[in-house]
Amino acid sequence: MVTENRYEPKDLEPKWQKRWEKENLFKVKEDSKKKKFYLLEMLPYPSGLIHMGHVRNYVIGDVAARYKMMQGFNVLHPMGWDAFGLPAENAAIERKIHPAKWTGDNINYMRAQLKKLGISYDWDREFATCDPAYYRWEQLIFVKMFEKGQAYKKTSLVNWCPGCQTVLANEQVENGFCWRCSSQVAQQTMSQWFFKITQYADELLKDVDEKLPGWPERVRIMQRDWIGKSEGASIDFKIDGSDEKIRIFTTRPDTLFGATFMSLACEHPMVKELAKKNGKEREIGEFAERTAKIDRDARLAGNYEKDGVFTGAYCINPVTGSKMPIYAANFVLMDYGTGAVMAVPTHDQRDFEFAKKYKLPLKVVIQPKETKLSENTMTEAYEGEGTLVNSCEFDGLLSTDAIKKISSYLAKKGIGGPAVSFKLKDWCLSRQRYWGAPIPIIYCDKCGTVPVPEKDLPVILPHDVEFTGKGGSPLSKVESFVNVKCPKCKGAAKRETDTMDTFVESSWYMFRYASPHYEKAPVEKKVVDYWLPVDQYIGGIEHAVGHLIYCRFFTKVMRDLGMLSFDEPVKNLMTQGMVIKDGSKMSKSKGNIVTCDDMVTKYGADTVRLFSLFAAPPEKDLDWNDQGIEGMHRFLLRVWRFVDSWLSLAKKTEGDAELSRMTHKTIKKVTEDIERYHFNTAIAAIMEFVNYLYQIGPEKTSKDAVESLIMIISPFAPHAAEDLWETTGNKTSTLKKPWPAFDPKMIVEDQMTIVIQVNGKLRDQINVPVDMGEDEIKTMAQKTEKARQHIEGKAIRKVIYVPKKLVNIVV
RNA sequence: GCGAGGGUGGCGGAACGGCAGACGCGCUAGCCUCAGGAGCUAGUGGAGUCAAAUCCAUAGGGGUUCAAAUCCCCUCCCUCGCACCA
């Protein structure tokens, strides 16, 4: 085979990228006549580097996008930049580059990289979230939320990251450490801005079950757990010798008669009060301090004991009237329920351990079916269901029924009632950092907290700021920014100097892509109604509870503001696996990064694209290995050479039936595999087809086979495909041609291979005409020599025939 | 601890009740070549054999079935998420 036309990705890839751009191939408009498909990959943070993890994400999306285009869909495939965030500010501190410059440079570099990969983005829709033209709308949404009470400021315990010198949302704390800098996060009482995501807790939970069938079960479970709804009751306990009450939450009101003491979180406001009253301030203060310091690791390992201090006070069990000592306990969390727990040591293991340690009374109120519990002999709490005892009028009830009966009894008596509790907390969105969207709020001594009026938006982030990374928000030192007139009374006032969490920007960007240049509102209703929701969203699993809950929340907020008319932003979600090298995730600190730039320079974009898809199915982690990519390059060369030699021969050769059968079989397999995102096996099928073509040789290959090959490889290796497509005499892009259809009739064979088993073991196979009857096949099967060897001298008990597949002879 | 997902050749992975190991990497031999980290051909789970036949093999054990990597039960191991959630 003489190769004239060499495969030179260095030349042909830029050539096609330019041509696509010139022909506006990826630019889309609303078109009511065409079915739309919105395909989105999670927008990147412009860190300045595109590594194979990014590449994989975007290539998975690009194959799907190109495939959908070829199927005739109107495909929206945008790209932008999640451009606010701490690394930019750190670069400013360390290298004296302004965050805007650092971010802008990175964006330019990364955009060039993505273009070199040939991803089918509509670049006209690109935006960076740090652009005032973007965040002005975010500020507007904030103002609207403020007006509805959905954005509010409160003083509470928040997560403080000493490394980043800012507060963090719960979703940004991983095992007690900062998601970004890994510093240990501390709890501090501070005044911060919150979004009332808990207002939507029920809907967010309900819709996980009802409206997200296209999401991976794993993500749905994580969201369900994160929202963490528990149903039960709240109950008021009067404090002995006082009019004050402590409200508790429990999922087990059926055990109320067994409550013998009460446990409070150290931070519970009543703890301080009671301590003061009973002269225990020092003792309890020390205990609280100790508890706050408990090393997160010890907590995780579970190797520290239940601990507590008696406050000196008692409360009254509202149904038994008995006095219950009130403890401050290390295992009660302030941010769940009410921070107060009624302790039922017989039916809760934690309470049991605590009661044993402090010699507190036990009282059995639930008897299980099988055994009989006794306070004196129990070695652990019984937490299961059973029949109520020692519970007055409720005796004899099943615990499941008693939960309802006691709850309504409490409600009737006005001392509690049914209640639900969520693990989900309101989203703390204020950050004491510079590089973020300013919170559009003004503080006036006279008028209080005043939102910036819509006509004054955006509140532009000032450019000239000093960066130290310490001592509060850099904005607070910019007097020209801080000092303003109150929009209401025109008196002297001060701006809020905190900025918004970067996750706010990414909570609604997918809507802005529909009309990125619209100047009257965050979204243009008509357009957003056409494109949204996102049909296919692709990104990393690490966003399962952060970003993916926030954007669902924003969808509901914006819907209720009349901006959107759907409930969920994303129909189908695919979470792709990480790219692993040398046993760990690619990261700068580990020094195991393979950059897109290096690989594209060395092998060309098509090779990189193919390999990142071939090495593993999209959801699984991908082990990067340098030899694998060589193999991919060889495969592309093989395709190239084959088409080339076919062209230099008699290129009009008609193929035989076997060739068209193979062609259509391959189209079928590749189509089905792309549909289910099994790109690795789709590529394998193309390889098999190419191997087959080499076997029969180019002289026996038909134009139809060659063109089909080029078409089915085009979503994966678009540059090479376009070039080959052109050299085979086609004028328009592969993208303008419909995806090849397979003809089921062409795939039907006139012979079929029947496997012969004896007792389930493979012994032989026969080729028979497809129309041969069952009985005939069975008879034939028993006659083959190998089958006879294994049947001989034994009685045949049964012969099983699986149509078109096998015969199993049971002896 | 709870929840989810996994465990298949030297490696990445196919098959997901019906021929285990598709496809690729790596490796071996041969061809071609001045040469090759190029290309081509053949081979490549283990035992066995000149070659076969045959037997064994999908973490381990048991079960269902004519037939199990696939379904069920138990055990072990790995990964991820949550973690004193009352």
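Proteins get letters first, then strands, A, B, ... in listed order; numbering begins at 1 in each.
Counting non-hydrogen atoms under 4.0 angstrom, A:Q765 reaches a base of the nucleic acid. Using a 4.0 Å heavy-atom criterion, one finds that A:I221 contacts the sugar-phosphate atoms exclusively. Contact annotation for A:R634: backbone-only contact, meaning every heavy-atom pair under 4.0 Å involves sugar-phosphate atoms and none involves a base. A:K761 comes within 4.0 angstrom of sugar-phosphate atoms only, judged by non-hydrogen atoms across all strands, and of no base. Residue contacts shown for A:V810 are limited to sugar-phosphate atoms, with no base heavy atom under 4.0 Å away. Nucleic acid contact for A:K798: sugar-phosphate only, since backbone atoms but no base atoms lie under 4.0 Å from a heavy atom of the residue. Across all strands, A:H633 comes closer than 4.0 Å to no nucleic acid atom at all (heavy-atom distances). Residue contacts for A:R247: at a heavy-atom cut-off of 4.0 Å it reaches no nucleic acid atom on any strand shown.
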task: Go through A:D307 and A:Y358 one step at a time and tell me if the side chain to side chain donor-acceptor pair (under 3.5 Å) criterion holds.
output: CA-CA 9 Å; A:D307 203 355; A:Y358 295 103; 2.9 Å; yes
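A heavy-atom distance below 4.5 Å is not found between the side chains of A:F422 and A:Y336. Looking at A:K245 and A:F237, their side chains never come closer than 4.5 Å, going by heavy atoms from C-beta outward.
Atom CZ of residue A:F503 and atom CD of residue A:E171 lie 9.0 Å apart, to the nearest 0.5 angstrom. For the atom pair CZ of A:F611 and NE2 of A:H633, the computed distance is 14.0 Å after rounding to the nearest 0.5 Å.
Using a 3.5 Å distance cut-off with no hydrogens or angles, the side chains of A:R290 and A:N330 do not pair a donor with an acceptor. Side chains of A:T255 and A:H347: no donor on one and acceptor on the other come within 3.5 Å.
In this structure, A:R224 does not reach the B:C82 phosphate: none of its side-chain N or O atoms is under 4.0 Å from OP1 or OP2. When the side-chain nitrogen and oxygen atoms of A:S230 are compared with OP1 and OP2 of B:A86, one or more of them lie within a distance under 4.0 Å. One finds a side-chain N or O of A:R763 lying less than 4.0 angstrom from the OP1 or OP2 phosphate oxygen of B:C55.
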Annotated protein contacts, base or backbone, on nucleotides 5-11 of chain B with a non-hydrogen cut-off under 4.0 Å, one of B, S, - each: -------
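Proximity of the aromatic rings of A:Y694 and A:F642 is defined here by a centroid distance below 6.0 angstrom, and this criterion is met.
The minimum heavy-atom distance linking A:W427 with A:I197 is given by the pair N-CG2, 3.8 Å.
Note: A:H547 and A:H543 have perpendicular aromatic rings, judged against thresholds of 30 and 60 degrees for the angle between ring planes.
Taking a pair as Watson-Crick or G-U wobble with both distances under 3.5 Å, RNA chain B forms stems of 3 or more consecutive pairs at B:1-7 with B:76-82, B:10-12 with B:23-25, B:26-31 with B:39-44, B:45-47 with B:54-56, B:59-63 with B:71-75.
Under the 6.0 Å distance and 45° angle rule, A:K306 does not count as a cation-pi partner of A:F354.
A salt bridge between A:D202 and A:K229 is present, with a side-chain N of the basic residue lying under 4.0 Å from a carboxylate O of the acidic one.
Of the P atoms belonging to B:C27 and B:C16, the separation is 31 Å, rounded to the nearest Å.
Positionally, the nearest nucleotide of RNA chain B for A:L637 lies more toward the 5' end than for the other of A:K786 and A:L637. Mapping A:G337 and A:P617 onto RNA chain B by nearest heavy atom places A:P617 closer to the 5' end of the strand.
Across residues 684-693 of chain A, A:A684, A:M687, A:E688, A:N691 each have a non-hydrogen atom less than 4.0 Å from an atom of RNA chain B (numbered order).
The side chain of A:F614 lies closest to B:G12, out of B:G12, B:A86, B:G13.
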